[in-house]
Amino acid sequence: MILTVTPNPAIDLTYRVSALETGETHRVAPPAVRAGGKGLNVARVLQQTGAASFVLTTAGGASGVRLADDLETSGVPNELVTVQAPTRSSIAIVDERGGETTVLNETGGALSAAEWTALNDAAARLALPATCVVGSGSLPPDTPDAFYAGLVAIASERGLPSVMDATGPALLLAAEARPTVLKPNRRELAETTGEADPVTGASVLLNAGAALVLVSLGADGMLAVRRGADVLHARLDRRLTGNATGAGDAAVAAVASCLADGTDDPAVLLCRAVAWSAAAVVAPLAGELDPAYAAYEERVVLD
Ligand SMILES: O=P(O)(O)OC[C@@]1(O)O[C@H](CO)[C@@H](O)[C@@H]1O
């Protein structure tokens, strides 16, 4: 199975409005409520495509109970580390007029040293039967920046590929631990490396130790950057509108599914990542793909 580790999950609340106006009052239908957080979305997408996945995450307070209940309903196998801090909320507001989504991510509560140890220990144990290790999402406040680097090391010690989707110092340290793939988006990469150009930013992560960096460019597709090789760019043959929340998670799921099957050709990874990402934009909620997701691979243009 593909192990996904999410230290800072969320209850995702997705609202739909006909046209979002800042500073105005909106009458809205109740939100869709789901257990979310990037790794949970990755695991849900993998489950939809028939790949075995496993969620390791934290849960705290009444919102943590809600998260646990929803995960059980989803049928994705999981293990939850119980923590003191209540599980945070993430609010997505989908503007049906322009197809843009506004997201409010609570920062979440800090974990104690004992809770971090429990999460690390569980990751090391659950990696034993895994075929790939995925770490994704923001880290709670006062987190050890080396958490994702530790996850890469756990994978490497077991000879497993690893995919990390992180930002800031956690992303830089993860790069130094020599992961198989890093997948920041363009903004996260620029914030982390201080480089506005995505290829230059990706080179910073490659020089630090990453083998392959996939940079998501939103509607402009995705780049695959490797050391000493041509940069690859892929995009869908047309622009799509919908809910882009979770599109990056679908890309991570695509990469993890390739690696778990023993495929590490960057062009193959990139094209599947672009295809699943597009199929996620069309699906209403993060963690879902358009059921016709496989057909999107034929619509990917590789430069
Ligand atoms: O605060 P983070 O961890 O960066 O992002 C959290 C989050 O917005 O990302 C997912 C979409 O990618 C949502 O399910 C989730 O709640």
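All ligand and atom numbering here is 1-based and tracks the order in the structure.
In terms of the side-chain contact (heavy atoms from CB on, under 4.5 Å) criterion, residue partners of Pro161 (sequence neighbours excluded) are, by chain and number, Cys132, Thr180, Leu259. Judged as a salt bridge (Lys or Arg N to Asp or Glu O under 4.0 Å), and not counting sequence neighbours, Glu100 has no contacts.
Counting only N and O atoms by type, the side chains of Arg178 and Ser156 include no donor and acceptor under 3.5 Å apart.
Ser53 places a side-chain heavy atom less than 4.5 Å from the side chain of Val76.
When heavy-atom distances to ligand 1 are checked against 4.0 Å, the residues falling inside are Ala10, Asp12, Gly37, Lys38, Asn41, Arg88, Ser90, Asn105, Gly137, Ser138, Thr245, Gly246, Asp249, ordered by chain and number.
The aromatic rings of Phe147 and Trp116 are tilted relative to each other, their planes meeting at an angle between 30° and 60°.
Among residue pairs with one or both ends in residues 205-216, those qualifying as side chain to side chain donor-acceptor pair (under 3.5 Å) are Lys183-Ser216; sequence neighbours excluded.
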